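Some notes on the structure that comes next.
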Amino acid sequence: MLDLDSNIQFIKGVGEKRAKLFNSLGIFDVDSLIHFYPRKYEDWTANKTVQDVNDGDTVCIKATLIIPVKEAMIRRGLTLFKCRFSDGENVIAVTIFNNKYLAKSLKVYEDYFLYGKIDKSFLTASMSSPKIEKAENVLAIQPVYPAKEKLTSRAISKVMKTALDEISQIPETLSDEIRQKYGLISLDKAIRDIHFPNSADDYLPARKRLIFEELLTLQLGLLKLKSNKKCETSLRITKDYSKEFETFLPFTLTNAQKRTIGECVADMESKFPCNRLVQGDVGSGKTAVAASLIYTVIKNGYQAAMMAPTEILATQHFESLTKMFSKTDLKIALLTGSTPAKEKREIKNALFNNEIDLLIGTHALIQNDVEFRNLALVITDEQHRFGVNQRATLAQKGQHVHTIVMSATPIPRTLGLILYGDLDISILDELPPGRQTVRTDVVDSRYHKRLFKFIKDAIARGEQCYIVCPAVEENETNIKSAEEFAEELANGEFKGYNLGILHGKMKAKDKEAIMKSFADGKVSILVATTVVEVGVDVPNATIMVIENAERFGLSTLHQLRGRVGRGNKQSYCVLVSDTKGEASRERLMTMKQFSDGFKIADTDLKLRGPGDFFGSRQHGLPELKIADMVEDMDTLQKAQECAKDILKSDFSLSNSPALKTQMNKMFEKTVN
């Protein structure tokens with residue numbers, strides 16, 4: 001008998017060599033094997049004949065081999081095998097590619113199941129490379145696993161069946177009370193039914209149970225992570241200086257800004273550290289919120305740090321905060337990768353000697369030799385560009401410091417609770433008065449001529465323009481890359497104009513240099529990929545053209561649109577797309593209809609799913625194997641409620657050791 005900790009190589013039919021293939025799929029023991037779920041199922045209930053099916057259908061037909069297999073070599077390395085089957089009424093011509101083992105095993109007058117796409121005309125029926133199984137012992141519903149070239153789904157299925165037959169009982173992780181309350185089947189039945197359901201509907205209760213358990217494990221981890229942050233801190237704010245800070249500003253803060261500042265200060269006045277996400281749409285005034293909090297912390301006798309993902313953004317923060325604090329005696333420094341060595345040493349000494357109040361910079365801030373004397377507040381800008389660990393490394397430069405993370409990526413609140421589960425959330429849901437709405441239009445490529453004239457007129461007025469192209473897959477020939485498009489424009493429509501190119505494969509210093517040239521007005525047109533999505537303020541840029549706009553998620557399009565409209569001139573965003581797809585058109589029209597990033601994010605979730613928010617997984621949270629952040633939102637809320645109930649009476653999870661093990665596995669080093 002096997003237990004869950006048994007090494008994968010000891011399952012019959014695996015062995016040392018094959019175990020390495022399983023390891024490459026993240027499967028090392030029986031436990032990780034049984035939690036490797038099918039990505040879909042094939043219905044092999046073969047009760048149809050050729051007569052019952054349509055051309056192009058994927059079907060399973062029971063048929064008898066009536067004409068033996070003939071071999072035909074087409075070219076070196078490609079062998080075809082041809083044979084004929086009959087379903088009792090019709091003949092099916094079958095072609096098998098390069099599978100000598102299968103071809104040799106087929107015997108005339110024996111019954112087989114053929115599973116695959118059928119090509120059917122008035123007189124003939126054929127199948128090209130169908131899956132072929134002997135008619136006896138075939139599972140009615142067959143699981144299909146994410147496979148690798150040398151480890152097929154069928155091979156995984158066989159090993160899975162062997163393993164489950166060798167396990168007497170999968171230990172239960174949830175109490176009877178929880179299972180009853182949420183209507184869940186046992187874990188043993190759920191695992192067996194998710195892999196080998198008896199009918200098409202059998203797997204649904206199994207999915208329900210496993211999704212609930214995965215989301216419950218995630219929520220337990222996040223709630224414990226949040227409570228770990230609840231270590232008391234000595235870095236308490238005794239006086240709120242936000243009203244004094246407001247007197248330095250040439251504008252009035254919005255109510256949303258005041259509310260957010262109040263929430264953060266209240267956190268910092270408590271005995272626990274502030275741990276808050278400040279989330280606001282493009283232009284909602286996050287920098288002013290950050291500045292107010294920095295001012296209060298420094299006036300209370302502490303130091304503050306602000307980290308941005310790029311040098312140019314860090315420099316921009318340095319310039320705008322220096323301006324905001326010009327009427328104060330705050331000492332501010334900027335530390336990035338390109339700060340000269342001598343200056344770096346001076347900054348680090350001054351920082352350690354408490355001669356610098358606020359240090360702004362890039363990843364350079366988290367280097368070992370950057371030491372603060374009295375750090376109390378850490379602000380991370382564009383949080384989704386940093387992992388949880390980088391955020392933690394900066395926070396560790398002080399003792400239980402206050403942490404604010406800022407993000408301009410609008411995320412629906414429920415999703416925010418998952419993505420930033422270890423943080424409280426403040427939302428800036430109001431734009432400062434006078435902020436211009438960017439006019440958005442959707443056109444097709446026939447408008448290019450008019451569009452280029454529009455850009456030339458804007459450049460003649462001294463304005464600037466972005467042209468964004470999607471990243472191109474190698475096998476796509478119908479879409480131009482940013483480099484190709486830039487070259488075409490530089491030698492054609494915009495010959496003689498200052499045109500720059502910016503894409504992800506460029507070295508960091510080259511990217512910084514081109515963005516600086518654009519920010520300084522030396523480049524009039526910047527052709528780029530989405531690397532400009534999080535970028536610098538260029539108030540003079542008034543036009544954003546997005547080519548093949550259907551290729552982007554709405555939240556990305558919204559971020560790109562936020563690059564313009566930062567000055568006092570009317571700005572435009574033009575989405576160019578030749579898509580005929582109804583869903584794609586609907587998404588693009590959403591951009592024209594809404595300027596509110598949160599409404600757009602909600603629509604994006606409904607139309608496209610959470611890929612945009614979770615695509616890069618840089619946030620450092622575990623990957624989910626079966627649950628879907630959007631589809632299973634209701635289950636997520638139930639799981640969150642259940643997790644709170646469990647932790648209320650048993651915070652250490654001593655009564656739920658299996659759940660605790662599962663949680664520790666899911667979060668590895670993140671949760672203690």
Side-chain angles (χ1 to χ4, degrees), residues 35 172-185 187 190 205-230 263 267 272 274-279 383-384 388 403 405 407 409-427 598 601-602 605-606 609-610 613-614 617 619-668 670-672:
H35 288 97
E172 187 51 65
T173 48
L174 302 180
S175 68
D176 292 348
E177 189 190 350
I178 289 173
R179 279 172 45 203
Q180 209 170 339
K181 182 176 178 182
Y182 296 101
L184 305 169
I185 63 173
L187 182 59
R207 267 184 68 79
K208 181 184 173 184
R209 162 68 204 247
L210 295 169
I211 287 167
F212 183 89
E213 180 146 331
E214 186 168 54
L215 292 173
L216 174 64
T217 309
L218 176 74
Q219 286 301 319
L220 285 168
L222 290 174
L223 289 167
K224 282 184 79 67
L225 196 61
K226 201 166 189 171
S227 70
N228 286 352
K229 302 267 170 73
K230 291 288 181 199
E263 286 168 348
D267 288 352
F272 298 113
C274 172
N275 253 324
R276 197 166 277 276
L277 165 70
V278 174
Q279 197 192 346
Q383 155 60 19
H384 64 292
V388 166
T403 307
V405 294
S407 177
T409 308
I411 298 167
R413 192 174 181 85
T414 34
L415 215 50
L417 290 171
I418 313 159
L419 184 51
Y420 301 107
D422 57 329
L423 303 170
D424 296 308
I425 299 177
S426 289
I427 293 178
F598 289 95
D602 276 329
L605 271 173
K606 289 186 188 101
F613 304 116
F614 296 93
R617 292 199 61 249
H619 45 77
L621 286 179
E623 194 173 5
L624 297 177
K625 291 177 181 174
I626 193 166
D628 179 290
M629 294 294 186
V630 183
E631 295 296 314
D632 304 315
M633 196 63 85
D634 289 348
T635 309
L636 172 78
Q637 280 158 357
K638 286 174 187 160
Q640 196 168 42
E641 167 200 303
C642 183
K644 283 176 180 169
D645 287 345
I646 291 170
L647 293 176
K648 207 180 286 175
S649 58
D650 180 23
F651 188 76
S652 64
L653 295 179
S654 51
N655 300 330
S656 310
L659 262 184
K660 186 176 184 175
T661 304
Q662 218 162 263
M663 181 193 75
N664 288 338
K665 258 189 187 171
M666 184 186 261
F667 279 79
E668 289 175 282
T670 320
V671 180
N672 300 321

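Bear in mind that the values here come from a model prediction, so they are computed numbers and not experimental data.
- In terms of heavy-atom proximity, Leu653 sits nearest to Leu647 at CD2-CD2, 4.0 Å.
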Run the numbers on Ile178 and Phe212 for side chain to side chain contact (heavy atoms under 4.5 Å, CB included), then give the verdict.
CA-CA 11 Å; Ile178 289 173; Phe212 183 89; 4.3 Å; yes

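- The two residues Asp650 and Ser656 make their nearest non-hydrogen contact at OD2-N, 3.8 Å.
- Going from atom CG of Leu210 over to atom NE2 of His35 covers 6.5 Å, rounded to the nearest 0.5 Å.
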Working for side chain to side chain contact (heavy atoms under 4.5 Å, CB included), residues Asp176 and Arg179:
CA-CA 5 Å; Asp176 292 348; Arg179 279 172 45 203; 3.7 Å; yes

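- Here the closest non-hydrogen pair linking Ala190 and Arg209 is CB-CG, 3.6 Å.
- The line from CG of Leu218 to CE of Met666 is 5.5 Å long, rounded to the nearest 0.5 Å.
- Rounded to the nearest 0.5 angstrom, Asn655 CG and Ser175 OG are separated by 10.0 Å.
- Side chain to side chain, Gln662 and Thr173 fail the donor-acceptor criterion of an N or O pair below 3.5 Å.
- One distance of note links CG of Leu659 with CD of Glu213; it measures 6.0 Å at 0.5 Å rounding.
- Summarising the geometry, atom NZ belonging to Lys660 is positioned 14.0 Å from atom OG1 belonging to Thr217; distances are rounded to the nearest 0.5 Å.
- Taken to the nearest 0.5 Å, the CG atom of Asn275 stands 4.5 Å off from the OG1 atom of Thr403.
- The two residues Tyr182 and Glu641 come nearest to each other via the heavy atoms OH-OE2, 2.7 Å.
- In this structure the side chain of Leu187 never reaches within 4.5 angstrom of the side chain of Leu174, judged on heavy atoms.
- Side chain of Gln219 to main chain of Ala643: no donor-acceptor pair is present (N/O by atom type, distance under 3.5 Å, no hydrogens or angles).
- In terms of modelled atom types and a separation under 3.5 Å, the side chain of Lys644 and the main chain of Leu223 share no donor-acceptor contact.
- Glu263 places no side-chain N or O within donor-acceptor distance of the main-chain N or O of Ser426, the cut-off being under 3.5 Å.
- For Lys625 against Glu214, the heavy-atom pair with the smallest separation is N-OE2, 2.6 Å.
- No side-chain donor-acceptor contact under 3.5 Å links Gln279 to the backbone of Ile425.
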Can you check side chain to side chain contact (heavy atoms under 4.5 Å, CB included) on Leu636 and Gln640, steps first, answer last?
CA-CA 6 Å; Leu636 172 78; Gln640 196 168 42; 5.5 Å; no

Take Glu177 and Asp645 through the test side chain to side chain contact (heavy atoms under 4.5 Å, CB included) and record every step on the way to the result.
CA-CA 12 Å; Glu177 189 190 350; Asp645 287 345; over 6 Å; no

